[in-house]
2 protein chains.
Amino acid sequence: MQTANPARRSSLQRMLVSRIVEAAHDHPTAHSVFERARRKMPSISLGTVYRNLQLLADQGVVLERKVGRRPARYEANRHRHYHICCVECGALEDLPVPYQKLLDRRVQRMVRYRLQEHRCEFYGVCPRCQTSARQQARPTAIARIRSPG
Amino acid sequence: MQTANPARRSSLQRMLVSRIVEAAHDHPTAHSVFERARRKMPSISLGTVYRNLQLLADQGVVLERKVGRRPARYEANRHRHYHICCVECGALEDLPVPYQKLLDRRVQRMVRYRLQEHRCEFYGVCPRCQTSARQQARPTAIARIRSPG
DNA sequence: CTAGTTGCAAAGCGTTTGCACTACG
DNA sequence: CGTAGTGCAAACGCTTTGCAACTAG
């Protein structure tokens, strides 16, 4: 962490990271952002990408999504929406389901938390993984279900 | 990972880990399960606890919940429910909101995933952290919102 | 017997951080 | 100029894994 509440200063690196996430529509990981950034600025370091992603997430410019043990994925903070995640390959996609404000209201009524938002992820096996699963040995008595974690 | 689809064998360690999670109502971390297990069986190792938690999660006996970068938390697989999580201290609590099967149906209609379930977490600041926040320096122009990650 | 399970310790992975240097304002 | 930001590499925290010994079936 940097200083408690630093007076922000702009840097090429930060602008680049920000631009990359804004432009991306595939929920890139930090490493993936790093690789894209490197094409424009070969000297940029992974640490800097992490620092800026974290900074931008704190500012609310980008959103960070962690699923299970997989590396965090980032996206521009456009509008609230839900995701679907493949339990096999970790693919992450947006869902065109409206944010259920009603749920927030319901929950706010039953707890004494200062409620901010909710996040909802759907889990399943993506078409591609369904196909590749069929090519492997047939499932045993109890189908093995990988936990989303 | 152990063998692809091993014929399971019982062990005192596995039964112990299982019993501990079944009995717990505080969403313990692996380390916390380990410490409880150690009281009954001082020789048990952390690695074994992890292995068994993972095994039990794969079998669906326990559920694993990861929030942000914090260590995974485990609970018995009783019924589907949602959680609320404090963005400050990481506290995790069950919510008495019914599982929204309707959402699963809606989503299943719009994607070609083989849908398994959804998970929903609400984020906010718990009463305790609201209090301790007040004791600190007053917030600056833009209130700092910690991302749930 | 023999393959699943264990304890131990080392490795792995994504992420964070200490440091000396750079550069924004 | 002072201080936030950077690149680098080492450290971190949680988790997984290789291995030899052990044990349930």
Side-chain angles (χ1 to χ4, degrees), chain A residues 1-18 27-35 37-38 40-59 61-62 64-74 90 92 140 142 144 146-149, chain B residues 1-18 27-35 37-38 40-59 61-62 64-74 90 92 140 146-149:
Chain A
M1 180 99 68
Q2 357 244 118
T3 321
N5 206 343
R8 292 283 141 61
R9 189 183 279 183
S10 90
S11 77
L12 287 176
Q13 288 86 338
R14 184 163 315 149
M15 289 190 289
L16 180 55
V17 167
S18 177
H27 306 85
T29 62
H31 192 84
S32 171
V33 172
F34 170 57
E35 295 202 320
R38 199 143 62 156
K40 296 280 183 206
M41 183 190 287
S43 68
I44 197 172
S45 75
L46 183 58
T48 293
V49 169
Y50 269 108
R51 269 187 293 234
N52 282 315
L53 284 172
Q54 190 179 283
L55 217 67
L56 293 166
D58 282 349
Q59 292 175 202
V61 177
V62 311
E64 187 186 55
R65 306 281 173 182
K66 295 254 330 170
V67 169
R69 296 191 229 310
R70 297 198 161 91
R73 289 169 169 277
Y74 299 85
L92 192 65
T140 41
I142 295 171
R144 186 184 193 76
R146 177 107 26 104
S147 155
Chain B
M1 182 97 72
Q2 358 244 118
T3 320
N5 207 341
R8 293 283 142 60
R9 188 184 281 181
S10 87
S11 76
L12 288 176
Q13 288 88 338
R14 183 163 314 149
M15 287 190 290
L16 180 53
V17 167
S18 177
H27 306 85
T29 62
H31 191 85
S32 170
V33 171
F34 170 56
E35 295 201 321
R38 202 145 57 159
K40 296 280 182 204
M41 183 190 286
S43 68
I44 197 172
S45 74
L46 183 57
T48 293
V49 169
Y50 269 106
R51 269 188 293 234
N52 282 316
L53 284 172
Q54 190 178 284
L55 216 67
L56 294 166
D58 281 348
Q59 290 175 203
V61 176
V62 310
E64 186 185 56
R65 305 282 173 182
K66 294 256 328 172
V67 170
R69 299 191 226 311
R70 298 198 160 89
R73 290 170 169 277
Y74 299 85
L92 191 67
T140 42
R146 175 107 27 103
S147 154

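Only a predicted model underlies this, so the values are computations on that prediction, with no experimental measurement involved. Chain A is the first sequence line, chain B the second, and so forth, proteins listed ahead of strands; every chain is numbered from 1.
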Atom NZ of A/K66 and atom P of D/dT15 are separated, to the nearest Å, by 10 Å
Taking only the side-chain heavy atoms of A/Y50 (C-beta and beyond), determine which of D/dC8, D/dT15, C/dT15 contains the nearest atom.
C/dT15
Indicate whether OP1 or OP2 belonging to C/dC24 is found under 4.0 Å from a side-chain N or O atom of A/S10.
no
A/I44 or B/P71, whichever maps to the more 5' nucleotide of DNA chain D
A/I44
Short side-chain N/O contact from B/S11 to OP1 or OP2 of D/dA24, under 4.0 Å:
no
Verify the contact: side-chain N or O of B/Q54 to OP1 or OP2 of D/dT15, cut-off strictly under 4.0 Å; return yes or no.
no
Quiz question: going by heavy-atom distance under 3.5 Å, is there a donor-acceptor pair between the base of D/dA4 and the side chain of A/R8?
no
Choosing from C/dT6, D/dT6, D/dT16, which nucleotide comes nearest the side chain of A/Q13?
D/dT6
Using a distance-only test with no angle check, is there a side-chain donor-acceptor pair under 3.5 angstrom linking B/S45 and B/T48?
yes
Between A/S45 and B/T29, which is nearer to the 5' end of DNA chain D once each is assigned its nearest nucleotide?
A/S45
Looking only at atom types and distance, does a side-chain atom of A/R14 sit under 3.5 Å from a main-chain N or O of A/R9, one as donor and one as acceptor?
yes
In a check of side-chain contact (heavy atoms from CB on, under 4.5 Å) between B/Y74 and each of B/T29, B/V17, B/V62, B/L56, which one passes?
B/V62
In whole Å, what is the span from the CD atom of B/E64 to the P atom of D/dC14?
14 Å
Strictly below 4.0 Å: does B/R70 bring a side-chain N or O up to OP1 or OP2 of D/dG13?
no
Look at the side chain of A/R9 and decide which nucleotide, out of D/dT6, D/dA24, D/dT3, has an atom nearest to it.
D/dT3
Within the pair B/R51 and C/dT5, is there a side-chain N or O less than 4.0 Å away from OP1 or OP2?
no
Heavy-atom side-chain contact between A/K66 and B/R70 under 4.5 Å
no
Protein-nucleotide distance (A/R73, atom CZ; C/dT15, atom P), rounded to Å
11 Å
